[in-house]
Amino acid sequence: MTESEPESESSTPVYDLVGIGIGPFNLSLAALADGAPELRTLFLDAKPAFSWHPGLLMEGTTLQVPFLADLVTMVDPTSPWSYLNYLRHHDRMFPFFFSERFHIPRREYDAYCRWVTEGLPSCQFDAYVHQLGWDERRELFVVGHRTADGARTRVLARQVVLGVGTNPVVPEPLRPLISDTAHTGRVLHSADYRTHRARLAACDDVTVIGAGQSGAEVALDLLRHQDGAGAGGPYVRWLARTNAFAPMEYSKIGLEHFTPDYIRYFRALPEDRREQLVREQWQLYKGVSDETLGELHDEMYERTIGGTDPRAALHPGVEIVAAEVTADGYALTCRHAQQDALFEIRTSAIVSATGYAASRPAFLDGEHGLGALVDWDAQGRYRIDGDYRVALEPGVSGRLYVQNAEMHTHGVGAPDLTLGAWRAATILNAVAGRTVLRVPERAAWTTFGVPRPGPGTDSAHPRIPAPARSAVPEENVR
């Protein structure tokens, strides 16, 4: 129905679960919910079709997690929506087997997810959600959405899960330049890199900012646009605030931070301790793969054979203080943290590979929006329990869940694909009110926190119970 038409209760469809946003995490939930036929589900996304970080789908880039961390396998390897089944349907099983890949091409992961959306009738694209409210009389959520041609529709939901993704983060000095269309294609976030790749490769000098995987991949791709002698292509400069261009923590024991065990431990910590840990653990989720760092080094080595100076520079420990437009490009005022010294860089173009952050979707704060009924924490973030349920005002009987907005409550695994299927299964079990999919109680060898009594431990240590799963997390009890 259109918004101008009177709403008929009998004609408005009611769903057990409506998902807003179809990225990998909500798509994982949609795929797993396909195995619970008693649930009526709908997933909405404004895009015309599935796409995952299209600006960074360069040739040769891979996922930073093994292919088993697909949409379903970590909790249901028998699901028809596994990556291996995608390969079988596309007659790629033998090529994949012979390639001996554990980390798959990023472009193929994107194609795999698109294949899943095309097979799931619950996934609806070209559906921009502009309203999420609560109908107190019917005790149902109201989800309003519209198509690209302006047609408006409302559906009702007993439960809703937000999977709207994250938004690019840009250093404050660069924000005026990125928002000004006069600098489009010359000052941009790495999310748009592939769109402007050819123009950047034709520049004399490109500065890449950010010490993570995206920054490394953009710097490497620009280096590869230099000709064999290093004379053609842009001069490539890579800046980062971190004290080093550090590899991502990828040891077998270190990866146990991406397990349900660590989530339970992290959730039980005081809020200030959690904030501190997230800052300290940046190498768990913001580092660069060892392979990419090695490829960067190899490219520079090749370009300096015969004594040629490299047309590239790496500068860790540097932050951007100010940015201004010059006659032939941009001037960046930088500060070297350890030396506490200011210096200036002149450059033709800037790529800000400075990551992403969870944001508050606009539809929460619209007229009759649900935002007024959310019990936000002191910093305006969701309060989230062990089932990923958002704390709402007591008068709201429906359940609101969220994905990839819980790093402050659940730790560094929030944006990681490794835990995607496990989190989706946890939400699905809560939505269904039964165990649709069994999730492991223990997945790590590491004991996070004080050990419990048992063989090889001191029985004097107190037993620490796992946090109770309730609609209101511990820090919200008053």
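Just so it is clear, the structure is predicted and the values come from calculations on it, not from any experiment.
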Exercise for the section: Ignoring hydrogens and angles, tell me if any N or O in the side chain of Arg146 forms a donor-acceptor pair with the backbone of Ala148 under 3.5 Å. Expected result: no

Practice task
Could you tell me whether the side chain of Arg383 reaches within less than 4.5 Å of the side chain of Thr409, counting heavy atoms only?
Solution key: no

Handout entry: Side chains of Ile263 and Trp422 in contact at under 4.5 Å (non-hydrogen atoms)
Key = yes

Handout entry: Residue pair Ile22 / Lys47, side-chain heavy-atom distance below 4.5 Å
Key = no

Problem - Sidechain-backbone polar pair: Arg274 side chain, Leu269 backbone, donor-acceptor under 3.5 Å - result: yes

Exercise for the section: On the 0 to 90° scale, with breaks at 30° and 60°, tag the His103-Tyr250 ring pair as parallel, tilted or perpendicular. Expected result: tilted

Practice task
Report, as yes or no, whether the 6.0 Å neighbourhood of atom CZ on Arg241 holds more than 12 heavy atoms from other residues, nucleotides or ligands.
Solution key: no

Exercise for the section: Using atom types as modelled and distance alone, determine if a side-chain donor or acceptor of Asp135 lies under 3.5 Å from a backbone N or O of Leu140. Expected result: no

Practice task
Indicate the ring-plane relationship of Trp115 and His89, choosing parallel, tilted or perpendicular according to the 30° and 60° boundaries.
Solution key: tilted

Fill in the blank from the handout: Between Pro171 and Ser352 the two heavy atoms that sit nearest each other are CD-OG, 3.2 Å

Problem - Distance (rounded to the nearest 0.5 Å) between Leu71 CG and Leu32 CG - result: 8.0 Å

Completion exercise
Residue set satisfying salt bridge (charged side-chain N to carboxylate O under 4.0 Å, His left out) with Arg175, at least two apart, ordered chain then number -> none

Practice task
Return each pair, listed once, that meets side-chain hydrogen bond (donor to acceptor under 3.5 Å, both in side chains) where at least one residue sits in residues 394-404; pairs must be two or more places apart or across chains.
Solution key: Asn26-Gln403, Gln159-Tyr401, Gln403-Arg423

Exercise for the section: Please confirm whether His410 and Tyr388 have ring centers closer than 6.0 angstrom. Expected result: yes

Problem - Any side-chain heavy-atom pair of Tyr262 and Thr446 under 4.5 Å - result: no

Handout entry: Test item: Leu284 and Phe258 side chains (from C-beta on) under 4.5 Å apart, heavy atoms
Key = yes

Practice task
Identify which one of Cys113, Pro77, Ser82 satisfies the side chain to side chain contact (heavy atoms under 4.5 Å, CB included) criterion when paired with Asp70.
Solution key: Ser82

Problem - Under the ring-ring contact (aromatic ring centres under 6.0 Å, His included) test, residues paired with His408 that sit two or more places apart - result: none

Practice task
Name all residues meeting the side chain to side chain donor-acceptor pair (under 3.5 Å) criterion together with Arg273; count only those two or more places apart in sequence or in a different chain, and write none if there are none.
Solution key: none

Problem - Partner residues of Asn167 under the side chain to side chain donor-acceptor pair (under 3.5 Å) criterion, sequence neighbours left out - result: Ser359

Practice task
Report yes if some heavy atom in the side chain of His53 is under 4.5 Å from a heavy atom in the side chain of Tyr356; otherwise report no.
Solution key: yes

Fill in the blank from the handout: The side chain to side chain donor-acceptor pair (under 3.5 Å) partners of Arg92 (sequence neighbours excluded) come to Glu108

Practice task
Hey, could you give me the CG/CG distance between Leu132 and Asp365, rounded to the nearest 0.5 Å?
Solution key: 10.5 Å

Exercise for the section: Name all pairs fulfilling the ring pair (Phe, Tyr, Trp, His ring centres under 6.0 Å) condition that reach into residues 149-184, sequence neighbours left out, sorted by first residue then second. Expected result: His183-Tyr330

Problem - His90, NE2: over 12 other non-hydrogen atoms inside 6.0 angstrom - result: yes

Handout entry: Ring-ring centroid check Phe67 Tyr112, cutoff 6.0 Å
Key = no

Problem - Closest non-hydrogen atom pair, Ala216 against Val288 - result: CB-CG1, 3.5 Å

Practice task
Answer yes or no: is there a donor N or O on one side and an acceptor on the other, between the side chain of Trp52 and the main chain of Arg107, under 3.5 Å?
Solution key: no

Exercise for the section: May I ask you to test the Glu280-Leu277 pair for a side-chain heavy-atom distance under 4.5 Å? Expected result: yes

Fill in the blank from the handout: Rounded to the nearest 0.5 angstrom, the CD-CG distance for Gln131 and Leu370 is 10.5 Å

Exercise for the section: Grab the two heavy atoms, one from His196 and one from Gly185, that are nearest each other, plus how far apart they are. Expected result: ND1-CA, 3.5 Å

Problem - Which residues share a side-chain contact (heavy atoms from CB on, under 4.5 Å) with Arg88, sequence neighbours left out - result: Asn85, Met93

Fill in the blank from the handout: In short, salt bridge (Lys or Arg N to Asp or Glu O under 4.0 Å) pairs touching residues 245-255 with sequence neighbours left out are none

Practice task
Scan residues 11-22 for pairs that pass salt bridge (Lys or Arg N to Asp or Glu O under 4.0 Å), counting only residues two or more places apart or in two chains.
Solution key: Asp16-Arg158

Handout entry: Backbone of Leu42 reached by a side-chain donor or acceptor of Gln124 within 3.5 Å
Key = no

Practice task
Write down the atom of Met407, the atom of Tyr285, and the distance for their closest heavy-atom approach.
Solution key: CE-CE1, 3.9 Å

Exercise for the section: Sequence neighbours left out, what pairs pass ring pair (Phe, Tyr, Trp, His ring centres under 6.0 Å) with at least one residue falling in residues 25-44? Expected result: none

Extract all donor-acceptor atom pairs below 3.5 Å that involve side chains of residues 431-440 and protein atoms in other chains or at least two apart in sequence.
residue	atom	partner	partner atom	Å
Arg434	NE	Glu38	OE2	2.8
Arg434	NH2	Glu38	OE1	3.4
Arg434	NH2	Glu38	OE2	2.8

Handout entry: Phe448 vs His257 side-chain heavy atoms within contact, under 4.5 Å
Key = yes

Exercise for the section: Measure the spacing between CG of Asn429 and CG of Asp387 and express it to the nearest 0.5 Å. Expected result: 8.5 Å

Practice task
Decide if atom CD of Glu136 counts as having more than 12 heavy atoms of other residues, nucleotides or ligands within a radius under 6.0 Å.
Solution key: no

Exercise for the section: Locate the shortest heavy-atom distance separating Leu27 from Cys123; write the atom from each residue and the value. Expected result: CD1-SG, 4.0 Å

Practice task
Would you mind telling me which of Gln213, Arg106, Glu291 makes a side chain to side chain donor-acceptor pair (under 3.5 Å) with Gln64?
Solution key: Gln213

Handout entry: side-chain contact (heavy atoms from CB on, under 4.5 Å) between Leu200 and Val218, worked out
Key = CA-CA 10 Å; Leu200 291 165; Val218 170; 6.0 Å; no

